[in-house]
Amino acid sequence: MDAFASFFDSQSTSRNRWTYDSLKNFRQISPVVQTHLKQVYLTLCCALVASAAGAYLHILWNIGGLLTTFACLGCMGWLLSLPPYEEQKRVALLMAAGLFEGASIGPLIDLAIEIDPSVLITAFVGTSVAFGCFSAAAMLARRREYLYLGGLLSSGLSILLWLQFASSIFGGFAAIFKFELYFGLLVFVGYVVVDTQDIIEKAHLGDLDYVKHALSLFTDFVAVFVRILIVMLKNSAEREERKKKRRD
């Protein structure tokens, strides 16, 4: 309880400490690290464009599925196994991973287009705003302030994996699915903050591997986007059911 109390106390003091001047204060981030962050986010944007292309290819040719999921994981593993100096190959593997990831979530995007295309746009905009806000919060906070949350988030991720494993064996329940959905969204939003501060801290220590850092943020972005999209589709389906019951 003392840990949680100290956490909320630090949050309240940090909110009181933030002014307009503090929002422009990036002095704790050196120019080298700022340049590195620009490179990371530019690479992240390119990976998201590749992911959108993969989703579009699924809509055209229905290529998404288990095979593209394994291909995405294979590209990520290959990328992480390569040394940093093979920059072009690693960037190409990141773009390929983004393409396969987009194809893998293509069925969900196709379903969203069939139900309500505006939900897809709203989910992407909401994910982008949330991602940007939490990333900015991590940058403006004191160095290493949120890194201790990594242990809690890892525990939360393991809970999600065990729940997924139990659901595959004993069958899924609506309550468990809802818990996985919202708890998973909370966990991956937390990872956006932790990974951003981890990238900044590693860059201060000389680790300027922007491809690997962009990969970390890319997986966080996709995980948050998928969960927000599922929540919005679920709410949209419930609204349609209520409308049908009123008509009947």
Hydrophobic cluster membership, Leu73 vs Leu160, 4.5 Å side-chain cutoff: no
CD/Glu238: more than 12 non-hydrogen atoms of other groups inside 6.0 Å: yes
Working for salt bridge (charged side-chain N to carboxylate O under 4.0 Å, His left out), residues Arg90 and Glu87: CA-CA 5 Å; Arg90 297 173 85 242; Glu87 184 177 343; over 6 Å; no
Chi angles and distances behind the side-chain contact (heavy atoms from CB on, under 4.5 Å) call for Val32, Leu208: CA-CA 9 Å; Val32 174; Leu208 301 177; 4.2 Å; yes
Atom pair NZ/CD of Lys202 and Gln197 - distance to nearest 0.5 Å: 13.0 Å
For Leu186, side-chain contact (heavy atoms from CB on, under 4.5 Å) partners two or more places apart: none
Ser118 backbone acceptor or donor facing Thr122 side chain under 3.5 Å: yes
Flag side-chain contact, heavy atom, 4.5 Å: Val187 against Tyr182: no
Flag, side chain of Glu101 to backbone of Val222, donor-acceptor distance under 3.5 Å: no
Heavy-atom side-chain contact between Trp78 and Leu82 under 4.5 Å: yes
For the student: nearest non-hydrogen atoms of Asp207 and His36, plus distance: O-NE2, 4.2 Å
Exam field: side chain Ser51 to backbone Ala47, donor-acceptor pair closer than 3.5 Å: no
Shortest non-hydrogen separation from Ser128 to Phe221 and the atoms involved: OG-CZ, 3.7 Å
Joint cluster assignment, Phe177 & Leu163, ILVMFWY side-chain distance < 4.5 Å: yes
Full working for side-chain contact (heavy atoms from CB on, under 4.5 Å) between Phe131 and Leu217: CA-CA 9 Å; Phe131 186 90; Leu217 294 180; 3.9 Å; yes
hydrophobic_cluster_shared for Leu42 and Ile200, side chain cutoff 4.5 Å: no
side-chain contact (heavy atoms from CB on, under 4.5 Å) between Leu157 and Phe188, worked out: CA-CA 9 Å; Leu157 189 60; Phe188 284 106; 3.8 Å; yes
From CD1 (Ile59) to CD (Glu114), nearest 0.5 Å: 9.5 Å
Main-chain N/O of Val194 paired with Asp198 side-chain donor or acceptor, under 3.5 Å: no
Polar side-chain atom of His58 near backbone of Gly64 as donor-acceptor pair, under 3.5 Å: yes
Atom of His213, atom of Val40 and distance for their closest heavy-atom approach: CB-CG2, 3.9 Å
Partners meeting side-chain contact (heavy atoms from CB on, under 4.5 Å) with Ile121 (sequence neighbours left out): Val125
Within 6.0 Å of CD1 in Ile113, more than 12 heavy atoms from elsewhere: yes
Connected via hydrophobic side-chain network under 4.5 Å: Val226 and Tyr56: no
Verdict with reasoning, Leu44 to Tyr210, per side-chain contact (heavy atoms from CB on, under 4.5 Å): CA-CA 9 Å; Leu44 171 63; Tyr210 70 93; over 6 Å; no
Separation of Phe134 CZ from Tyr146 OH (nearest 0.5 Å): 9.5 Å
Atom of Ile29, atom of Gln34 and distance for their closest heavy-atom approach: O-NE2, 2.9 Å
Point-to-point distance, once rounded to the nearest 0.5 Å, from CG of Leu80 to CG of Leu93: 9.5 Å
Closest contact, heavy atoms only, Cys75 versus Ala96: SG-CB, 3.9 Å
Reported CG-to-OG1 distance for the pair Leu99 and Thr68, which is rounded to 0.5 angstrom: 9.5 Å
Shortest non-hydrogen contact from Ala55 toward Ile109: CB-CD1, 3.6 Å
Transitive ILVMFWY side-chain link Phe100 to Leu57, under 4.5 Å: no
Expected output: side-chain Ser135 to main-chain Gly132 donor-acceptor under 3.5 Å: no
Parallel, tilted or perpendicular: ring planes of Phe179 versus Phe183, cut at 30 and 60 degrees: parallel
Heavy-atom side-chain contact between Leu108 and Ile230 under 4.5 Å: yes
Pairwise side-chain contact, Val189 with Asp220, heavy-atom cut-off 4.5 Å (strictly under): no
CD1 on Ile105 to CG on Leu229, rounded to 0.5 Å: 8.0 Å
